[in-house]
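Letters go in sequence order (proteins before strands), and every chain restarts at 1.
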Number of protein chains: 2
Amino acid sequence: MATMKDIAREASVSVATVSMVLNNKPNSRISKHKREEIERLARKLNYQPNFAAISLSKQQSLNIALIVPDITNPFFSLLTKEIDLSLEKDGYSTIFVDSNNSFQNEKKAIESMVSRGVDGIILVPSNEFFRVDQAQRKQLIANLDKPFILLNAYPNDLDVSYVNFDNVNGAYIATQELIDKGHREIAFIQGQTGFVNAAERLAGYQQALRDHHLAIKPQNLFMGDYSVQSGYELASTITQRKDITAILSSNDLMLFGMIKWAKMHHIDVLHQYAMIGFDNDPYSEILEVPLTSVDQRPKAMIEEALAILLERIGNDHPVNKHALIKPELIKRASVFAPVPTSE
Amino acid sequence: MATMKDIAREASVSVATVSMVLNNKPNSRISKHKREEIERLARKLNYQPNFAAISLSKQQSLNIALIVPDITNPFFSLLTKEIDLSLEKDGYSTIFVDSNNSFQNEKKAIESMVSRGVDGIILVPSNEFFRVDQAQRKQLIANLDKPFILLNAYPNDLDVSYVNFDNVNGAYIATQELIDKGHREIAFIQGQTGFVNAAERLAGYQQALRDHHLAIKPQNLFMGDYSVQSGYELASTITQRKDITAILSSNDLMLFGMIKWAKMHHIDVLHQYAMIGFDNDPYSEILEVPLTSVDQRPKAMIEEALAILLERIGNDHPVNKHALIKPELIKRASVFAPVPTSE
DNA sequence: TTGAAAGCGCTAACAT
DNA sequence: ATGTTAGCGCTTTCAA
């Protein structure tokens, strides 16, 4: 692997000169002749800069850490793709970490990434992140003097930059859509307390009911954890409730779980309940009855997030910024007027 | 950020001593007293090693590059997760690149990763990778003196380490399963020529037919490109062929596309054709008729791949190794005896 | 216009 | 048992 030293020797100039030329430093004009000679040699020797050396010298790595809870979740993989593609355009590489839904892993990852000298950290927090003691969470962030942004969460108790999707509004418009179709008994499958964005979605659901003068019934609330499995487990309970005509789920996956359960028990849940999920999972479309879903507009989210992060990397006067992305309801066949129960 | 220098100063020892202690170098025993003092200070100052410095000095980065064609593809995101989790245990970080299915991007990524001094490169090749001129492909690999492994492909014309799933056998056992159930006219949706693993799957399908003395009919071959969209587009042609009773698809996604089309046209494709896909996509389970699928055992694949790669990183006598992972047929409800056509 | 030299933080061979 | 030194490849200030 050729170094600047090699080029310098062959061109009979100093390493400093080579550095200037290869970095197009404008301030000092190097004679056209030498410049061309150096560039020629660089090409000939297939010179590739050594990033470790640049990092050490400039104290910047052109690496951004991205920590996500679970890359197999389609929502997170979409975020990851957009982030990677976008960062690449700006010359950054993505150091990827799957925290596997563990706060301990997130903590280890952040520390490791700081040590690795990344220029910035994007954390898409796990559910555990908001369930551990506030003190732990605060400490993690406080000790961090790296450009940092939280993606896909409201950090109620943290003073950081963040970008989130407007979950309150998302749940609100979804609930409203169901109400408009004539539904009065709308089940809500919530994420567990402390789960990312769970409280906001619940709030939006409740607010919509309130605004339409509908009662908020505790028995219409079901507790899941965003997993297919939890939807599967809730299915028998929900399908026993014959008064319910519509289901709003905090994500698509739990509806998938419920559908799976119903399939196994030969219950036609898809035509019985109007349904709306969150995430606009690509698979929502290929179901027997394609699912209406609240799209979180991941592209818009990461656009905002990267703008904030990269701007923060430039000027080091830590000003935390926030953005909330407007939701979009993707309407498909799963929302219809209430189906009268056969009992 | 505290450095070894800071610790050395406070402990009144040399940087070298600090380095020895903090790296637990066994050869030279440092006095217990100093050792403890140094460790105490490291903790107190919250010392974190500077990876750029280590990289530069040791010529190793503890970074592994992972290049995948499209992280939103569930098969690739599963691979990515397993790789990341596993590498982390070995102290490596994953530099992630989504090549977005472009050979140019793969090329750029490999060059950039070499420049970044990664210790090894895992390439899950795009389809384009095997469609560009062999010369380009060869050159890319030849110029590479980094530990490198190709994952999820047969590099017919390349001398590299690789790990792949046994596609021939996978297609064979799937076809056999259909034949065993009584199917004689089995459509095969192939990936385009030159696409990763496409030829092998076709070969396995044909071999199974041959071994069961069934004719290989060109009109039973349909050309897709692994995308949902291509399955969608093939659906109308396939469903017109009333003699066909079963469909083997080179992946699950194309079946999803076909199912989607059928849904929109109110054709009950799921009960009309026995179906088998590849990838064992998690969503196969939640379909109206859960899909039988050939599981590529991604965990086993990455286990082999990382073993080969990491071993290669240690001793630098480039010996290319290969592994082929045995397939597993996950049987679900989509395989049944031929359904007589209504016409 | 160009070069010399110091320094980024750490490692490792060699001295002591 | 511990320190000195050179060096990894590059950037940047200062001098010439």
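Within a 6.0 Å sphere centred on CG of B:Asp157, other residues, nucleotides and ligands contribute more than 12 heavy atoms.
Here the P atom of nucleotide C:dA12 and the CG atom of B:Asn23 are 8 Å apart, to the nearest Å. Straight-line distance from the CD1 atom of A:Ile38 to the C1' atom of C:dT1: 12 Å, rounded to whole Å. Look at CZ on A:Arg9: it is 17 Å from C1' on C:dG3, rounded to the nearest Å. Atom-to-atom, NZ of B:Lys58 to C1' of D:dG7 comes out at 16 Å; the value is rounded to the nearest Å. A straight line from CD of B:Gln60 to P of D:dG9 spans 15 Å, rounded to a whole angstrom. When rounded to the nearest whole Å, the span between CZ of A:Arg35 and C1' of C:dT2 equals 13 Å. Rounded to whole Å, the distance from CD1 on A:Ile54 to P on D:dT11 is 5 Å. Distance A:Leu62 CG to D:dG9 C1': 16 Å, rounded to the nearest Å.
For B:Ala16, counting side-chain heavy atoms from C-beta on, the closest listed nucleotide (D:dC10, D:dT4, D:dT11) is D:dT4. Taking the side chain of B:Lys5 as heavy atoms from C-beta on, and the options D:dT11, C:dT11, C:dC8, the nearest nucleotide is C:dC8. Distance from the side chain of B:Thr17 is smallest for D:dG3 among the nucleotides D:dG3, D:dC8, D:dC10. When distances are taken from the side chain of A:Gln59 to each of C:dT11, D:dG3, C:dG9, the shortest belongs to C:dG9.
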A:Asn100 vs A:Asp70, side-chain contact (heavy atoms from CB on, under 4.5 Å): CA-CA, chis, key distance, verdict
CA-CA 5 Å; A:Asn100 211 13; A:Asp70 175 18; 5.5 Å; no

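Checking B:Asn63 against B:Asp119 by side-chain atom types alone, no donor-acceptor pair falls below 3.5 Å.
Using a 4.0 Å heavy-atom distance criterion, A:Ser19 is classed as a base contact. Residue B:Tyr47 is classed as a sugar-phosphate contact, given heavy-atom separations below 4.0 Å to backbone atoms only. Using a 4.0 Å heavy-atom distance criterion, B:Val13 is classed as a sugar-phosphate-only contact. Among the protein residues, A:Ser115 comes within range of no part of the nucleic acid, since none of its heavy atoms lies under 4.0 Å from any strand.
Within the structure, a side-chain polar atom (N or O) of A:Ser31 is placed less than 4.0 Å from OP1 or OP2 of C:dT2.
Direction change of the helix axis from one end of the helix from C:dT1-D:dA16 to C:dT16-D:dA1 to the other is 50°, with five pairs defining each end axis (rounded to 10°).
Salt bridge annotation for A:Lys108-A:Glu111: absent, with no cationic side-chain nitrogen under 4.0 angstrom from a carboxylate oxygen.
Results of the side chain to side chain contact (heavy atoms under 4.5 Å, CB included) test with A:Phe129 over A:Leu140, A:Val196, A:Asn101 single out A:Leu140 as the only residue that passes.
Between the side chain of A:Thr94 and the backbone N or O of A:Phe96, no donor-acceptor pair lies under 3.5 Å.
Residue A:Asn143 holds its CG atom at 13.5 Å from NZ of A:Lys138, rounded to the nearest 0.5 Å.
Nearest-nucleotide positions on DNA chain D place B:Lys34 closer to the 5' end than the other of A:Asn50 and B:Lys34. Summary of the strand contacts: B:Leu56 and A:Ser14 both lie near DNA chain C, and taking for each the nucleotide with the nearest heavy atom, the more 5' one is attributed to A:Ser14.
Closest of all the heavy-atom pairs between B:Asn197 and B:Ala153 is OD1-CA, 3.8 Å.
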